[in-house]
J.: 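Below is one structure. I have some questions about it.
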Amino acid sequence: MGISGYSRTELMACVAARELRDDEVVFVGIGLPSLACNLARLTHAPGLVLIYESGAIGAVPERLPVSIGDPALVTDSLMVCSMADVFQCFLQNGRIQVGFLGGAQIDRYGNINSTVIGAYSHPRIRLPGSGGAAEIAVHAQRTLIVSALSPRIFPETVDFITSPGQRCHGRSRRELGMPGAGPVRIITDRGILQPDPESGEMVLMALYPGVEVAEVRAGVGWPLQSAATLGTVEPPGPEELRLLREVLDPQKFFLKG
Amino acid sequence: MGISGYSRTELMACVAARELRDDEVVFVGIGLPSLACNLARLTHAPGLVLIYESGAIGAVPERLPVSIGDPALVTDSLMVCSMADVFQCFLQNGRIQVGFLGGAQIDRYGNINSTVIGAYSHPRIRLPGSGGAAEIAVHAQRTLIVSALSPRIFPETVDFITSPGQRCHGRSRRELGMPGAGPVRIITDRGILQPDPESGEMVLMALYPGVEVAEVRAGVGWPLQSAATLGTVEPPGPEELRLLREVLDPQKFFLKG
Amino acid sequence: MKSKLVSMSEAIASHVHDGDIVVIEGFTHLISFAAAHEIIRQRRRNLTLCRLTPDLIYDQMIAAGCATKLVFSWAGNPGAGSLHAFRRAVEGQGPDLEIEEYSHFGMVARFSAGAARLPFWPLRNYMGTDLPTVNPAIKSVTCPYTGEVLATVPALNPDVTIVHAQRADEQGNAQIWGLMGVQKEAAFASDRVVVVVEQLVDESVIRADPNRTLIPGMIVDAVVVEPWGAHPSYAQGYYDRDNDFYVAWEAISRDVGRMDAYLDEYVYGVRNRAEYLAKMPGTAERLRAKERVCAGVNYGY
Amino acid sequence: MKSKLVSMSEAIASHVHDGDIVVIEGFTHLISFAAAHEIIRQRRRNLTLCRLTPDLIYDQMIAAGCATKLVFSWAGNPGAGSLHAFRRAVEGQGPDLEIEEYSHFGMVARFSAGAARLPFWPLRNYMGTDLPTVNPAIKSVTCPYTGEVLATVPALNPDVTIVHAQRADEQGNAQIWGLMGVQKEAAFASDRVVVVVEQLVDESVIRADPNRTLIPGMIVDAVVVEPWGAHPSYAQGYYDRDNDFYVAWEAISRDVGRMDAYLDEYVYGVRNRAEYLAKMPGTAERLRAKERVCAGVNYGY
């Protein structure tokens, strides 16, 4: 934690939470996205519906879920359904407004690799693979990518496209027939990127307090463009920090660093 | 009821019940098939699993069900599932060993019409239609047709094939790629027909006590062949009659006549 | 969140429009006659009515002139006879009614495709039958793995689906037990969903047993509380099916005059479900369900 | 009917053979570690292991040399790190392991096709991703109505599926609440089914609440009673997930020596689940579920 009184991870969780509107339906992942969704639920979006790919709909976890199939997601949820229903009746049906994604590599167009570093047939590092990410990237009405910056994580081109972004191997989402809008924000630890409406390339749209453009550029493996006017980001408020630290992740399971 | 001490409907119910083996899985219809299945369950086939297309699996109705969706089929059943599961996971999956069918017309090859008398576009009599019969005829490992004889009910050719029999418009079940064996018995009120293994044509295999071949022929609209040796059918035993009359249908809802 | 509770007349006025594709599902169980009667009272016209079993509910709507098309798989009065308004129309003795006919599996598959927002659903079916010859919407597809030719049916995506359920909260999170038919698939396939319940419950009742929830509130537009709203159909745990009424319907619907008189008295002649029930004293006593309450399960961790 | 109750060792000896396609499903919830350990003890070889999330259970089976092929969609240790036996194999530092990889939706669709005994399942997916380029089993089909090209996956029909459930009767009628994953689809897709339960109950308990039954006895070949059989996974209403164990696994599985020592002590070194549990005193007290029992519903009519 810096001089500012909050950590960059805490700010990322707040920024992600603020992207969610009340009554939206969110496909939640574990870790920071889960923190962000529960923070939004406890602040400006009490009607947010949290859906986990495990089949828990309208979850209200009493403890921090450490896996996407945590029993705390079931107890007191609105509905538990089969995974066939999750993917067919909720996701493919178009009912999911927001999906959270992350990965080992994120490229210039918001394509994500969570499959493999190196060649698929001879991987240097074998990652877990898609899980539900590929279809969330296709079907969620919009997705939010959350990741700290580093040139290793943000190469110009990913080794493997697990989850499609705004442009895949030269073809746009529209050409490829994808229903959702794809990644509309990349929430990093220094600022926020968003796709250029024409090219689909990720450009800097806002800086966190105290961060210079050069710091963001240094964390990205392509010549990062900036929006005409850069937005600013409000630091976490005291209530946001209290909820994150005292209610949502008191053991700093995900808020470490 | 004749001099014999039992009615032809009671005999039909007994004959149908005897076709069922213990532990088989039966797709049950309302009326005589339901009586037959419950009679089998109370006599030689206590492990018979009754499945209704409404989604009741392992039903043990405490009262005579008057519809396929009777609440008595649910109470104390082993499982209730969606109709998507009934048709996909049970029937199309091949788990149903026996299906019962009936209809307004039954032809030489066991094709059944429950759709329309006359032309489809200008019906003389509009019947209810397939319900689940078309797919039961395709998928059940074997089907049993139950119907009283009459030339009106047994024409040489049906006006409309709702449920396929052994040969449809000149093509065999094998040619048409149907998984089940189709109708292996037609249980009438005077005797039992079964398909010739070569031609698929329904031929007389057994007569009920006191019935002459000519009586059966008179009820069928094609030149009915007989098996080389005709079987005989045991009349209903006292326990079968007691169960039918006192336990299963005391109000003679289906046993009238 | 804003409550979705409205009266039946508001729900129908807002969500069922002339020309709509309408589904009121429920396989024998949980058929919302209350909604159908209100649609008749509000004189909706040119509806395409879809159901596996048109049952008495669509027979009444056909008789009342609401429907121009029927999509179905079994059109009878279960255990009692025919649907005579339907038959008169199809046999050329009544107003024109276009029909589109499947088997149950075909209709289930249509709703499954609709719920998954896929344009079609594959099934191994219809070999040998004449159904595809009279319904060109039954087509086929070749499996890219085995080369097998399978039947297909097109997705059914209604404008509005009305689901009767035992209970729901104000957001429409609805729980159903007993026969479930295609209620879930029809709701997910639909643009708008109205949930009609025997009993409004607190959200905490729903959350106490989330595996019982069949329809999530997020796909529901309106919630109507209408006890006995499924009569003469039934609601497991609340009341039995009125089999006497189904048997009586055979004679009523056979006769156009009696059918009109029935509609005049029991549908047009009442303003709502309460008035309908008041016309049949003793019904509740005759049909009220006995107690067969199961034990709960532990959701703790 | 003859009871299907057998011991775990009998169930595995009878129903899991060398070379089989084996599924032990359960999404985080109800993963039958007890069955996996018995398969390891009985030294099954050349298995094709299929699961959405290989999890620790298949990591252990891979480490033990049971598997020659893995079919999956997410191979990690949820919340804790990697599956290192899997990674060593795939990264060329362990014994060969063929992989066939989908996304979760793809695996779910494969099981759905298998359960419906259709050769394929259509889904709108995989545009833009590189998954189809490395998995030629992902193909496509053209909708006969709209002309849309949809992705397809082939049916998955295992030789044997092992399902852990909260409770079942002696015939294998099994009830599950909480997360259901793809347990139903996997069971219906399979040639043989083994149900492992926390609790054996009388048939009357099943019949009292038939909507809770996920797997009918008619598709079940063997029933094994194995309390705590899902540890370190969990059983809602019985015990919590052993998250500490999942975290500890990261360090154990990173080191081949420690992993072998783990298998020696906790799998090969015990004869059955009771001995496994006896090695971890205090586990039951630490993880036993609290009481959050829901109310029952009325099945009367």
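Every chain is numbered from 1, with letters handed out A, B, ... down the list of sequences.
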J.: Taking the side chain as everything from C-beta on, heavy atoms only, tell me whether D:V194 gets closer than 4.5 Å to D:V16.
T.: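 Not touching, per the 4.5 Å side-chain cut-off.
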J.: Counting only heavy atoms closer than 4.5 Å, note whether B:I51 contacts chain D via side chain, backbone, both or neither.
T.: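 The side chain, not the backbone.
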J.: So what's closer than 4.5 Å to chain D heavy atoms on B:V74: side chain, backbone, both or neither?
T.: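 Its backbone and side chain both get close to chain D.
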J.: Enumerate, including both backbone and side-chain atoms, all donor-acceptor pairs under 3.5 Å from chain D to chain B.
T.:
{"residue": "D:A115", "atom": "O", "partner": "B:N93", "partner atom": "ND2", "Å": "2.7"}
{"residue": "D:A116", "atom": "O", "partner": "B:Q92", "partner atom": "NE2", "Å": "2.9"}
{"residue": "D:R117", "atom": "NE", "partner": "B:N93", "partner atom": "OD1", "Å": "3.4"}
{"residue": "D:K184", "atom": "NZ", "partner": "B:D85", "partner atom": "OD1", "Å": "3.1"}
{"residue": "D:K184", "atom": "NZ", "partner": "B:D85", "partner atom": "OD2", "Å": "2.7"}
{"residue": "D:F188", "atom": "O", "partner": "B:N93", "partner atom": "ND2", "Å": "2.9"}
{"residue": "D:F188", "atom": "O", "partner": "B:R95", "partner atom": "NH2", "Å": "3.3"}
{"residue": "D:S190", "atom": "O", "partner": "B:R95", "partner atom": "NH2", "Å": "3.4"}
{"residue": "D:R207", "atom": "NH1", "partner": "B:G58", "partner atom": "O", "Å": "2.8"}
{"residue": "D:R207", "atom": "NH1", "partner": "B:D76", "partner atom": "O", "Å": "2.7"}
{"residue": "D:P210", "atom": "O", "partner": "B:V80", "partner atom": "N", "Å": "3.1"}
{"residue": "D:T213", "atom": "OG1", "partner": "B:L78", "partner atom": "O", "Å": "2.7"}
{"residue": "D:Y299", "atom": "O", "partner": "B:T75", "partner atom": "OG1", "Å": "2.9"}

J.: Given the options B:I57, B:L78, B:V80, which has more heavy-atom pairs under 4.5 Å with chain D than any of the others?
T.: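 Heavy-atom pairs under 4.5 Å are most numerous for B:L78.
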J.: According to ring pair (Phe, Tyr, Trp, His ring centres under 6.0 Å), who are the partners of D:H29, at least two apart in sequence or on a separate chain?
T.: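 D:H29: ring pair (Phe, Tyr, Trp, His ring centres under 6.0 Å) contacts with D:Y234.
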J.: Is any residue of residues 100-109 of chain D within less than 4.5 Å of chain B by heavy atoms, and which ones?
T.: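 The list, in residue order, is empty: none.
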J.: Counting only heavy atoms closer than 4.5 Å, note whether D:I219 contacts chain B via side chain, backbone, both or neither.
T.: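 Both parts, backbone and side chain.
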J.: What part of B:A56 is in contact with chain D, defined as an atom under 4.5 angstrom from a non-hydrogen atom: side chain, backbone, both or neither?
T.: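 Answer is neither: B:A56 stays 4.5 Å or more from chain D.
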J.: I'd like to check D:T53 versus D:T28 (side-chain heavy atoms, cut-off strictly below 4.5 Å). Are they in contact?
T.: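 Side-chain contact under 4.5 Å: no.
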J.: Go through B:V60, B:L91, B:V49 and name the one with the most non-hydrogen pairs under 4.5 angstrom from chain D.
T.: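 Highest number of heavy-atom pairs under 4.5 Å: B:V60.
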J.: Do B:P179 and B:V138 touch side chain to side chain, with heavy atoms closer than 4.5 Å?
T.: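 The answer is yes, as the side chains (C-beta and beyond) meet within the 4.5 Å cut-off.
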J.: Taking side chain as everything from C-beta outward and backbone as N, CA, C, O, which of these in D:A113 sits under 4.5 Å from a heavy atom of chain B? Side chain, backbone, both or neither.
T.: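 Contact with chain B: none, neither part.
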J.: Scan residues 180-227 of chain D for pairs that pass ring-ring contact (aromatic ring centres under 6.0 Å, His included), counting only residues two or more places apart or in two chains.
T.: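 Output for this query lists B:F90-D:F188.
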